[in-house]
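Note that this is a predicted model, so its numbers are computed, not measured. Numbers for residues simply follow the sequence, beginning at 1. Counting convention: from 1, in listed order, for ligands and their atoms alike.
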Amino acid sequence: MKEVRNTNQKEIIKQVIMNNKDHLTGDQIYEMVKEHMPSISRATVFRNLKRLVELDEIGHIEIADGADCFDYRKHDHYHFKCNECHKVFDTSIPYDNGLDTIDPEFKVDHHVTLFYGICPECLKKHNHEIV
Ligand SMILES: [Zn+2]
Ligand SMILES: [Zn+2]
């Protein structure tokens, strides 16, 4: 019985991530999962998130200066973190496999790049302030 319950928890957590189509922190996911499963603990949500990443069912973005995010998109793509609203976005910058072979001493299998700056929404707010 235990196994079935765990599978359901994992599926609900995955569904929350897939339906949201955003880059959510573990705590944001926990709040949303609680709406479906009020008794679930934060530790259980985080344990399932780790498992989903290990199974390669969701993406994981390590954020050095904040909480890690989880991603419904698994394929390699670059992210942008806004210095003002701290949201994480997908960029349209094409993923460059060519970077992986520049240093022949290392066998690179993927790379992670996080861009920092001001997102379009915060830029708009700035423009309003100036006007
Ligand atoms: Zn922003
Ligand atoms: Zn993403």
Side-chain angles (χ1 to χ4, degrees):
M1 276 310 276
K2 199 165 182 286
E3 196 49 50
V4 173
R5 211 188 73 201
N6 288 344
T7 307
N8 284 341
Q9 287 174 337
K10 192 152 68 54
E11 273 317 304
I12 287 172
I13 292 167
K14 192 181 168 186
Q15 278 313 310
V16 163
I17 295 164
M18 293 299 152
N19 292 339
N20 195 271
K21 303 209 185 320
D22 207 341
H23 303 87
L24 301 169
T25 66
D27 279 311
Q28 286 172 323
I29 294 165
Y30 169 53
E31 291 302 323
M32 290 178 189
V33 171
K34 260 202 311 195
E35 288 171 21
H36 303 277
M37 295 186 127
S39 63
I40 199 164
S41 74
R42 186 176 180 274
T44 302
V45 171
F46 276 73
R47 195 173 56 240
N48 277 286
L49 286 170
K50 193 168 169 249
R51 188 81 189 110
L52 284 165
V53 172
E54 283 166 3
L55 293 168
D56 201 27
E57 292 191 34
I58 58 170
H60 176 221
I61 314 153
E62 283 181 58
I63 309 283
D65 59 346
D68 287 5
C69 293
F70 297 89
D71 200 343
Y72 73 103
R73 292 170 79 191
K74 286 182 300 175
H75 63 85
D76 289 325
H77 58 282
Y78 296 132
H79 290 104
F80 176 96
K81 188 176 179 218
C82 180
N83 289 332
E84 300 201 354
C85 67
H86 307 295
K87 268 203 252 172
V88 175
F89 298 84
D90 287 335
T91 71
S92 60
I93 301 163
Y95 186 84
D96 186 0
N97 287 312
L99 294 175
D100 295 349
T101 52
I102 290 174
D103 189 334
E105 284 189 61
F106 297 94
K107 192 195 165 293
V108 176
D109 51 54
H110 76 292
H111 63 271
V112 176
T113 302
L114 184 58
F115 295 88
Y116 287 89
I118 303 174
C119 77
E121 275 170 48
C122 289
L123 266 180
K124 257 186 240 163
K125 281 182 216 152
H126 278 275
N127 291 338
H128 283 296
E129 280 162 22
I130 294 161
V131 172

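Rounded to 10°, the angle formed at the Zn ion (ligand 1) by SG of Cys85 and SG of Cys119 is 110°.
The aromatic rings of His60 and Phe70 lie parallel to each other, their planes meeting at an angle below 30°, with 60° marking the opposite boundary.
In this structure, Lys50 is not positioned above the aromatic face of Phe46 in the sense of NZ or CZ being under 6.0 Å from the six-membered ring centre and within 45° of the axis.
Among heteroatoms of the N, O or S kind in Asp90, OD1 lies nearest the Zn ion (ligand 2). If you look at Asp71 and ask which of its N, O or S atoms sits nearest the Zn ion (ligand 2), the answer is OD2.
At least one N, O or S atom of Cys82 sits under 2.8 Å from the Zn ion (ligand 1).
With respect to Glu54 and Arg51, a salt bridge is recorded, a charged nitrogen being found less than 4.0 Å from a carboxylate O.
A pairwise comparison of heavy atoms in Cys119 and Phe89 identifies CB-CE1, 3.4 Å as the closest pair.
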